[in-house]
2 protein chains.
Amino acid sequence: MVRWIDATQGSFKETFAAFLDEPRGEAGDVAGTVRDVIADVRKNGGEAVARYTSKFDRLTLDPVTLQSDNVDLAALAAGCPADLREAIDFAAERIAAYHEKQRPVDHIFKDASGVELGWKWTSLDSVGVYVPGGLASYPSSVLMNTVPAKIAGVDRVVMTAPAPGGQLAPAVAYAALKAGVDEFYPIGGAQAIAALAFGAGHLTPVDKIVGPGNAYVAEAKRQVFGTVGIDTIAGPSEILVVADESANPDWIAADLLSQSEHDTSSQSILITVNKDVGKAVEEAVEKQLKSLSTEARARQAWESHGAIILAGSLDQAADIANTIAAEHLELAVEDPDLLLPQIRHAGAVFLGHHTPEALGDYVTGSNHVLPTSRAARFSSGLGLADFMKRMSIQRASADGFNALAPAALRLAEAEGLPAHARSVSIRTNSGGGHG
Amino acid sequence: MVRWIDATQGSFKETFAAFLDEPRGEAGDVAGTVRDVIADVRKNGGEAVARYTSKFDRLTLDPVTLQSDNVDLAALAAGCPADLREAIDFAAERIAAYHEKQRPVDHIFKDASGVELGWKWTSLDSVGVYVPGGLASYPSSVLMNTVPAKIAGVDRVVMTAPAPGGQLAPAVAYAALKAGVDEFYPIGGAQAIAALAFGAGHLTPVDKIVGPGNAYVAEAKRQVFGTVGIDTIAGPSEILVVADESANPDWIAADLLSQSEHDTSSQSILITVNKDVGKAVEEAVEKQLKSLSTEARARQAWESHGAIILAGSLDQAADIANTIAAEHLELAVEDPDLLLPQIRHAGAVFLGHHTPEALGDYVTGSNHVLPTSRAARFSSGLGLADFMKRMSIQRASADGFNALAPAALRLAEAEGLPAHARSVSIRTNSGGGHG
């Protein structure tokens with residue numbers, strides 16, 4: 001049974017707050033373990049990485065090259081079926097086209113006092129893409145993390161993915177080559193993050209690490225943040241659907257289950273203003289669950305973390321959606337354009353009845369790496385700018401300098417920074433001098 | 001004595017790598033202490049915050065309001081001298097004008113298959129601005145962190161600053177009111193970060209925390225990252241000056257010392273292609289140090305972490321500058337426009353002889369919150385977009401859906417996600433149906 005939450009009741013605020021606070025996913029303290037692994041890799045380099053890989057992935061690595069004779073990316077990619085290659089090519093090209101439109105522009109302007117100001121964008125030199133093993137080893141994730149990096153102009157994209165016993169999905173290998181991965185190492189876990197951040201064997205450090213992973217990988221990214229850049233720390237996946245009478249309950253049920261099936265900690269929520277729509281979706285979910293090969297984990301996710309929220313109006317539905325700040329938000333309503341202006345917090349918004357989230361997961365070209373666990377309140381999905389950075393540029397003429405100098409001097413004095421003040425006053429007093 | 005590094009020698013690569021790896025600032029393990037403080041605040045709320053504030057800041061707080069009768073922002077601001085207020089107003093208005101130019105634009109486009117794609121920017125609802133106490137309590141930092149948040153449209157800007165014994169700089173109080181701070185709490189340290197992230201007493205949680213702080217504050221931000229957004233973790237300040245014969249050694253010396261005086265772990269580096277320029281700057285630094293009230297810490301920083309690097313050419317100087325990826329980079333050369341295209345990694349670049357870093361610290365309008373400790377390799381200075389986020393928007397028509405469906409279906413099947421596949425196939429098979 002999925003829970004129902006009635007937003008028209010006086011107790012809604014408390015019920016809803018408690019619902020939002022419920023933990024999902026691993027809560028164990030992994031920080032200590034991760035700290036030890038990172039220290040070990042920093043101290044022992046490739047030897048440590050090879051040791052962990054042997055232990056956790058039953059894979060023998062050369063501690064210098066961090067490669068295994070049993071894992072060859074090109075050979076693996078050759079095993080990817082032709083029709084799947086075509087789908088990967090199609091997705092890669094759409095992702096490339098979409099992210100090309102996000103290219104930020106340099107801007108320099110001169111202000112009233114003759115000071116030139118602005119900024120210039122440059123790409124990162126190197127990026128590490130972490131690809132999880134097991135359940136979550138997806139070619140689509142490889143594309144979503146790698147294609148924008150290459151479009152941004154990143155010279156060196158390094159991919160790591162654990163290959164337990166030498167196993168790696170051929171589609172993942174093909175996607176890596178298609179996307180333009182420059183180096184690949186069959187390693188995973190906190191040891192892979194440590195190797196990407198600090199270097200190990202032939203793997204030299206990268207500047208930023210992106211890509212999802214389990215709790216150990218997430219904690220390792222948190223611990224190396226500062227030494228390298230990281231993307232947002234990913235939590236379990238989520239979908240929120242706002243549906244009115246125009247929605248097809250079977251379609252909505254399928255969309256809700258497309259998140260529930262990811263993981264037992266995934267969350268699928270329906271908000272509707274119509275109780276009958278809610279009931280019809282609930283029944284459709286139950287019916288569809290039974291024919292799903294992923295039923296066990298989808299059912300557990302739906303029954304533990306799912307909810308059907310009955311809202312008093314579409315306005316209230318928008319408010320609730322903003323509070324949830326879901327990774328994926330479908331507006332499966334008659335007129336989504338009426339509702340969209342009220343939506344402030346979501347990773348990605350899918351409008352109308354023919355835009356199931358799965359379309360965006362794979363092929364619209366929009367990035368599927370999106371903020372989870374309410375992080376859409378403060379962060380964006382992955383984009384081209386995540387692989388670039390903005391240098392600010394400033395130039396004062398002698399006149400421009402004179403216009404700004406007095407205020408700078410006053411502030412430097414107030415802050416008790418005499419050398420700051422002198423770096424201004426020395427140019428004021430020296431007459432022309434150099435320059 | 002400051003160290004000299006000769007980049008024209010064969011041993012440069014190793015010498016320089018060792019120099020870059022030298023630790024600066026506190027290296028102690030503060031993670032455990034910070035974890036305890038955060039857990040305490042999460043459990044005990046305002047009572048814990050008041051207890052730490054009493055202990056570390058000798059200030060009695062009401063555990064519910066987190067306010068003290070001895071700290072009143074408006075009363076403190078009234079003590080700020082008129083000419084200093086004018087300088088703060090001047091800076092605030094320039095910062096506002098600059099960041100207004102950074103406003104990102106929404107973009108929606110329709111692609112060849114009839115799919116609408118794009119993005120929409122919205123501001124964060126709430127932001128916490130941490131202002132350090134003691135040496136680093138600067139009105140300019142209040143402006144740099146708060147003005148862009150308000151320009152971005154953030155409704156609720158919450159400032160925290162420790163007020164030991166009730167002391168808070170009047171200029172900090174005035175800058176807070178000028179910049180539009182909505183709530184203020186006289187608290188600091190890891191307990192302030194915990195209160196901002198999880199709430200305590202009347203302080204309800206914010207969505208993102210920005211602002212510099214000591215090692216405890218930095219670690220607390222790292223630990224709450226994910227629950228809230230954070231800016232880059234700030235390290236000790238840095239300046240790198242590239243100077244040729246056209247530079248005035250006295251001016252360069254003043255600029256180098258303007259960073260050295262911040263903190264004993266600050267770093268000031270000169271790169272020059274001319275040994276005589278290097279010697280003249282070295283002498284000027286020595287002379288200026290002697291008349292500086294901040295001599296003790298400036299000298300320690302300069303002698304421990306400073307360097308004069310002799311480069312073989314301006315091209316090599318640019319390469320070295322890119323490797324250092326300094327927070328502040330001055331191009332004090334005859335023709336900075338010739339050198340700028342080679343600069344890829346720096347927080348802010350100051351061109352020519354009349355743009356000392358201190359101008360940008362205070363009044364050009366550009367943000368002075370910039371990546372330190374080589375983080376300019378992967379991150380940008382603070383900007384308007386740090387207080388906004390991008391929601392991706394997608395809408396497929398029935399035709400657009402049909403164009404994308406086969407590839408999405410193939411990928412969902414390959415990834416072993418049957419509910420994803422069904423959310424696509426159910427719309428393909430159902431004929432018209434709804435929508």
Side-chain angles (χ1 to χ4, degrees), chain A residues 84 87 90 122 124 138 171 207-208 226 229 233 248 254-255 257-258 261 292-293 344 346 348-356 358-360 362-364 366 377-381 389-396 398 401 404 407-408 410-411 414-415 418-420 422-424 426 433-435, chain B residues 84 87 90 122 124 138 171 207-208 226 229 233 248 254-255 257-258 261 292-293 344 346 348-356 358-360 362-364 366 377-381 389-396 398 401 404 407-408 410-411 414-415 418-420 422-424 426 433-435:
Chain A
L84 183 51
F90 181 80
T122 52
L124 276 65
Y138 299 137
D207 294 320
K208 184 168 183 170
I233 291 172
N248 181 322
D255 297 355
L257 288 174
S258 77
E261 77 173 343
L292 215 53
S293 59
R344 294 181 45 77
V349 188
F350 301 80
L351 302 179
H353 299 302
H354 282 90
T355 323
L359 224 53
Y362 293 121
V363 288
T364 61
S366 188
R377 290 173 296 131
F378 55 79
S379 61
S380 311
K389 62 265 174 357
R390 199 184 64 241
M391 296 190 295
S392 88
I393 309 287
Q394 333 192 15
R395 168 166 27 203
F401 172 81
L404 302 190
R410 185 65 189 92
L411 282 158
E415 294 189 350
H420 282 66
R422 182 186 277 155
S423 76
V424 175
I426 201 169
H434 297 249
Chain B
L84 184 50
F90 181 80
T122 51
L124 276 65
Y138 298 137
D207 294 320
K208 184 168 183 169
I233 290 172
N248 182 323
D255 298 355
L257 288 173
S258 76
E261 77 173 343
L292 215 52
S293 61
R344 293 181 44 77
V349 188
F350 301 81
L351 302 179
H353 298 302
H354 281 92
T355 322
L359 225 52
Y362 293 121
V363 288
T364 61
S366 188
R377 291 172 296 130
F378 55 79
S379 61
S380 311
K389 62 263 173 0
R390 199 184 65 241
M391 297 190 294
S392 88
I393 309 286
Q394 332 191 18
R395 166 166 29 203
F401 172 81
L404 302 190
R410 184 67 187 89
L411 283 159
E415 294 189 351
H420 283 65
R422 181 187 276 156
S423 77
V424 175
I426 201 170
H434 297 249

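No hydrogens, no waters, no symmetry mates; every other heavy atom, side chains included, goes into these values. What you are looking at is a predicted structure, and each value in this text was computed from that prediction instead of being measured.
Ranked by heavy-atom pairs under 4.5 Å with chain A, the first of Ala408(B), Ala358(B), Pro356(B) is Pro356(B). Looking only at heavy-atom pairs under 4.5 Å with chain A, the residue among Thr122(B), Leu404(B), Val363(B) that has the most is Leu404(B). Contact count versus chain A (heavy atoms, under 4.5 Å) is highest, among Gly352(B), Ser366(B), Ala414(B), for Ser366(B). When Gly229(B), Ser293(B), Gly226(B), Gly360(B) are compared by the number of non-hydrogen pairs under 4.5 Å with chain A, Gly229(B) comes out ahead.
Minimum heavy-atom separation, Ala407(A) to Ala87(B): O-CB, 3.9 Å. The shortest heavy-atom contact between Ser392(B) and Ala348(A) is OG-CB, 3.1 Å. Listed here is the closest heavy atom pair of Arg377(A) and Leu124(B): O-CG, 3.4 Å. The two residues Ala396(A) and Leu359(B) come nearest to each other via the heavy atoms CB-CD2, 3.8 Å.
Counting heavy atoms from C-beta on, the side chains of Tyr138(A) and Leu411(B) never come closer than 4.5 Å. With contacts defined as side-chain heavy-atom distances shorter than 4.5 Å, the pair His420(B)/Tyr362(A) qualifies.
Contact annotation for Ala171(A): neither backbone nor side-chain heavy atoms come within less than 4.5 Å of a heavy atom of chain B. Within the 4.5 angstrom heavy-atom criterion, only backbone atoms of Ser379(A) (N, CA, C, O) approach chain B. Heavy-atom distances place the side chain of Phe90(A), and not its backbone, under 4.5 Å from chain B.
A distance-only check finds no donor-acceptor pair linking the side chain of Lys389(A) to the backbone of Ala346(B) [under 3.5 Å]. In terms of modelled atom types and a separation under 3.5 Å, the side chain of Arg390(A) and the main chain of Gly381(B) share a donor-acceptor contact.
Here the straight-line distance linking atom CD1 of Ile393(A) with atom OG1 of Thr355(B) works out to 11.0 Å at 0.5 Å rounding. Atom NE2 of residue His354(B) and atom CZ of residue Phe401(A) lie 6.5 Å apart, to the nearest 0.5 angstrom.
Looking only at atom types and distance, the side chain of Ser423(A) has no donor-acceptor partner in the side chain of Ser258(B) under 3.5 Å away.
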